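Worksheet for the structure shown next.
Note that this is a predicted model, so its numbers are computed, not measured. Only this structure's heavy atoms are used, side chains among them; waters, hydrogens and symmetry mates stay out. Chain A is the first sequence line, chain B the second, and so forth, proteins listed ahead of strands; every chain is numbered from 1.
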Amino acid sequence: MAPVELPVEKWTGKIKEVKLGGNGRKSMVIGGETTLPFLKFEGVLPNKPVIAVEVQDAPPKDWPQALVSAYGDALKDPGEWAKKALSFGAEIIYLRLKSAHPEEGNTGAAEAKKAVAKVLEAVDVPVIVIGPEVPEKDNEVLVAASEVGKGQRLALGNCVEKNHRTIAATCIADGHVAIAKTPIEINLAKQLNILLCDVGLAADSIIMDPTTGSLGYGLEYTYSVMERLRIAGLMGDGMPSMPMLCDVGEESWRQKESRVTTGVPETWGDPAERAINWEIITAISLLNSGANIITLRHPKTIEFLKNSIAQLTQAG
Amino acid sequence: MALTGIEIYKFLPKTNCKKCNFPTCLAFAMKVAQKTVDVSVCPDLSPESKAALEAAGRPPIRLVTIGPDAKKVEVGNETVLFRHEKTFFHPPALMVRIKDNEPLESIEKTVAEVSSYSVERVGIDMAPNGFAIDNLSKDAGTFAKVAASVAGKSELPLVLMSTDPAAMEAALEKVGGNRPLIYGANAENWEKMAQLAAKYKCALAVIGKDGLDSLSELTEKITKAGVEDLVLAPNTANLSDSINTLTQLRRLAFKKAFKPLGYPVITFPGAASKSVEEEAILAAQQIGKYAGIIVLDHFTPALFYPLLTLRLNIYTDPQKHIQVTSAIYPIGSPKETSPVCVTTNFSLTYFSVAGELESSGFPAWLLVCDTEGLSVLTAWAAGKFDAERIAKAVKTLNLAEKISHQKIILPGKVAVLRGELEDELKGWDIMIGPPEAMDIGSYLKQMWKN
Amino acid sequence: MSRYITSSAIRGAHGVVEQAEKLYKETLKALGPDKEVAFPNTTYYLPVIYTLTGHKVQKIADLAKPLELAKSLLAPVPDEHLWVPYLGEALDAGAATLFAEEIIEGIRFAKGEQPEAKNGFKFNGPIDDVQMRAWGIQMVDGRMPGFAAVIGAAKNNEIAVKIVRELQSKGQLVFFSGTTNGISIVDQLLESGVDLGYDTFTVPFGSDTISTVYGLGYASRAAVSFGGVTPGDFRKILLYNKFRCFAFALVLGPIDDLKWATGAGAINYGFPAICDTVVPNVLPTGITKYEHVVSMPFDDIPGKDDMERAERLVQRCIEVRGIKIKVAKVKIPVAFGPAFEGEVVRRDNLRIEFGGKGGMCFELLRMKDKDEVEDGKITLVGPDIKTFDVGAKVPLAIIVDVAGRKMQEDFEPVLERQFHHFTNNAEGFQHQGQRDITWIRIHKNAVDKGFKLSDIGEIIRTCLVNDFGAIVDKVQVTLYTEPEKVKELIEKARVIYNERNVRIAGLTDDAVDTFYSCSLCQSFAPNHICVINPERVGLCGAYNWLDCRASFEIKPSGPNQPVAKGQIVDAEKGEWAGVNKFAYEHSNMAIDRFTLYSVMDAPMTTCGCCECIMVVIPEANGFMIVSRDDYGMTPSGMAFTSMMSTAGGGQQTPGMMGHGKYFLLSKRFISAEGGLKRVVWMSKNLKEELGEELKEACANIGEPDLIDKIADGTVATTVEELLPYLEEKKHPALTMDPVM
């Protein structure tokens, strides 16, 4: 009996490799795959997906108890928080400058520099710095963050169409990577990459954030847009072939299912268990649709997902 | 290459006889091309046409049905590798494994819990789909007894798990009329199992953990023996084996029309997992990547609610706009003085607005208009989110009874509706909110003074 | 390039290179080869030399190499009468000049003579790296449109101040260097009490022309820092500056050889020079984006006084360099924003109205030559709102003249249609209709707040420049309220509208070689791609070929991309190799053929938003068309929604196709299958909506009664009812070639 002949796609494209860190900081490369997620029979996955753990520049006001108790006092200081995240298994620190938001304290460049410096000082893994997601404020604090981390190849975001020129300029000037975030839509993602390249940012200095919908809150849209972006990239279109980041932590922990412990149907089950399942299921689904970096929050999730990634990427 | 509607039409009798329940042969042909109806529904097809069409139209993955009609599960008959290409049609059945060597009491308790479990999300009730009874006792009598007991307590479909044909026959004697899935046939027992499947008209799972070569060899033998409704049980023990094997199977079906492996797949994510979380991760992957029946070792609401939600998400038709019910949704615990935001019933729109309201800290009412599942701008452009519809929603949903003011906040993108809406809703103050949901929080802080 | 300028530049280059060589030799002797040479606070050495050649100057001895290079770039000084110099030689001379100038400044630093101090004022010298980075980010992200190097001195102090203020108001970073008759503009500004320095975006480099090189050093460093260009890759440095650094030189006063030589150096970077004296104009050749050298003798600039002349001079600079300046806010006395778009001005609150029933109001946008348009000029001819009674209905003409280097006559209607959207954003302002059926109502409160007719012009001008800056450079608006004048103008406008109609009708698929795509719907229908040709509107009805072309000009990376038709494959079916290739590449390889005139063979895919769907009725040997707003059953056995679920979502479904309403009126309407004559049934509302136009289209194909022969839902909703009707009416489809 003849062996079954497996259909193997001949992809002509390759996901771009993006380097983070370096210059004294641990460095890593993400991307580089020549096939769809984890299909070892078909192509190579030279760099495994990595887990970024979120740190904020001020103690979070809205985190549920499950998270607050996991991090404890470390939440009071971004540096300590980053160390704690590292001890949980973080491969990247995802620093969110939340207090720069006009309604969260409206802090400026000076505070941003301080927070970034603390994290850079505390840990030696690559760092992603995210602004408050108000484009004007992002420009202010990310340009400041950029200077502090000059040469250490941070990733700065979110770079959206409205402020892409500023973020691109500062990334070019200081040798960083831009996190290009677009509303869940393939052509918008592609367009922003084109715009960034037009400004002069190198194509290997862009990571796409296609906007994460968590389980039950638009996951399917993100899932499919990511699959489409990945396929388009593998088919040889250079513009959507950047690695992708999904902000799983923020999106899954802001949902009712992860936060509310009382007054919800009994059929939702145990709150603590449910919240963790919400995060891990969102995470694994988006890894399977092409995420190269996922952000996570709960230490248990980090541990499980790390094992899963190891399983998915082990040789043989 | 699938036939187009016009090509199928050419094979039809062109009598518009309506016996297929379509008004015209063309309408029927178009639906056959979409694979939403089978060509055999046409009673007047010539044998030659039938043969030609069936050969062209055979689903690459066979549709397999298990369980009694009332609660039956249909799996297989998928047509695409990625949901964005069209949609995934038959959601995987989520089942719970019952060990027949456990005390009957505890088995019955689990069966009762699972059968009565149902959880609602966006107006859709989601529930587990059945039980897989595992003959761990290795005893035919016990196996049959437990199967009978489970079937007596629940109408949900069953999978009978034993490789001992005698045990299987004993169980089938009790519950064979319920169309259980026989799990299953292997290289040693396949002839006997195939006979049982034929006798009881049940689908048969084919177990082949040593790769697809031997698995396809086995299915070919079984189909030659006359059993066509098969389910594959390849090696899917860990995340890597599962995604690689199941992708290969689906590719073989679509890209090579490889018949011997064109069947749905059953998986057991708990089998090699060390924790319930690991099981959840593998099950979640298998929901997205190509399982037909997923048998879980654990049943807890905290595990099933997210998994059922994931299944709902992945199996949503990406080309149809999923809708939420038109209603006034309380976000937080709104009072009669709380603001009222208006939006459309496109699920993603609803979720973005509801999410932002939730995190804004303002308890509020969210008035969702029926826009046939279109987002704000699209609905507006299509004339499905106009002043008339909004006013109708305000009136029919009795908004005035819930609040003490007369203000509604429109999405900024349809500010253009304000004038007309003022005409439709005399005496109401039509406020214009921000164009993007993410700015709702700041908007309310600025504009809504309690 | 002008022979005069070239000769002058080469002479100037010889002079400055000699000067540099002399200085180098002296300094080598005096300070020795190891004396440090460095600009302060920079890691880019002598930046022009470093970035263009890759050579790092750190000490006196390191200057030998660039000096040799400068010398090697010098062509002989042209003979007065016989020899015609080339552009290339002038540009080389320019480069040599910059090298020599930087060598001189480097030595001056080594000798402690820089930054220059004069009359107690300390010049800035080169810009340090920290400042370069801060400004560079603003230049890359567009907050700072460009920089202006002002060389020489203005006619008087007042004009000097005015020029600088104008440049600042346009967001320009301003550099100063050089003198005119011994006076520098820096002297003029200081005398007038103007603050100079980084904080005010003004940088006084030095008093001589040589210090101009600091500005080019700044541009060079920006290219390396923000363009990711490797030092030494001179070509990329120059291209980066040409395309991304919107700088220019404004040369005040007479120009000597050294200024010409330095100017030639700047032209290498793509920076044009605008001179306020009589010099030969040098028109575009590709080195700069537009003109190289523009002469604008100050006293000849039109304007009521020197202040206005100074303003125009700066305006011209901005135009020549192609700088777009966004206006942050629409300056009108009422609020402006999308929140007011849906406002209705009711009779009770009406202050004044224009047009509407029995009124006369129109709007017209015309493309003009750039010299015919004075940007921002808004004129009202006739009385303003306040002179009319409350509730009066008054005639109004709104005439908008636009000029732009990328403006095309075909964009006139595209831009004109935007007025509706623009003006409705104003609080208390209601706009309906277009062309000569425009109807405007203004709220009492708006007029109380000070709204005047000129504010309409202000809105249109600001929005056009902001939203359509890619094609519009200058806008002027004239409004008329005198009845006689409006009457006269509306007749002229109607002629233009008519010409446009004729032009659009004459715009055929054969007349163009490019179609446009639209990928807006790919979010829901991933494999769907629209190809829009002049004779077929997009299936949503919202985009025609001209709209797509304008949209592409405005946003080249946007959803509307040009599709080169390429080789014709089948003229009858409307199949082109280029369209097929485009469809394949943009449909995730799902579709490999697209015909534009056929439904039966490889028709276009259908997304979710088509206005109509047509489907073959084999029994009737023709097609039926159902419109989106027809919910009833049709003879095909399918209602609109059922057909949508078959063809929609980006499917290619031979025999069935979504399309726009107005496609029916096109000569190319399913011409492969025989055109309109094939239509056997259509939705009643569609028939009514297209009314007269459809009748005309029927008449044009020699079937004036066709519209009555086409069945609709009132006579047939099944094939069984349809066929006898067609027989009775002798519908032409019945006798045509078999459709299948």
Notebook entry, point to check: Contact part of A/Val225 toward chain C, heavy-atom cut-off under 4.5 Å: side chain, backbone, both or neither?
Noted result: neither

Notebook entry, point to check: Do you know the tightest heavy-atom contact between C/Arg244 and A/Cys197?
Noted result: NH2-O, 4.3 Å

Notebook entry, point to check: Side-chain contact, heavy-atom cut-off 4.5 Å: C/Ile137 with A/Arg165?
Noted result: no

Checklist line | Atom CZ of C/Phe234 with >12 non-hydrogen neighbours under 6.0 angstrom | finding: no

Check: Is it the side chain or the backbone of A/Ala173 that comes within 4.5 Å of chain C heavy atoms, both, or neither?
Finding: both

Item checked: 4.5 Å side-chain heavy-atom contact, A/Gln191 and C/Ser519 -> no

Check: Can you tell if the side chain of A/Val143 reaches within under 4.5 Å of the side chain of C/Gln138, non-hydrogen atoms only?
Finding: no

Checklist line | Interface residue of largest heavy-atom contact number with chain C, from A/Ile231, A/Ile194, A/Asp198, under 4.5 Å | finding: A/Asp198

Notebook entry, point to check: In Å and rounded to the nearest 0.5 Å, what is the CZ to CG distance from C/Phe226 to A/Asp174?
Noted result: 8.0 Å

Check: chain C: which of A/Asn163, A/Ile167, A/Thr170 shares the most heavy-atom pairs with it under 4.5 Å?
Finding: A/Thr170

Check: Taking atom CD of A/Glu121 as the centre, does the number of heavy atoms from other residues, nucleotides or ligands within less than 6.0 Å exceed 12?
Finding: no

Note to self: Quick check on C/Pro556 against chain A: is it the side chain, the backbone, both or neither that has a heavy atom closer than 4.5 Å?
What the structure shows: neither

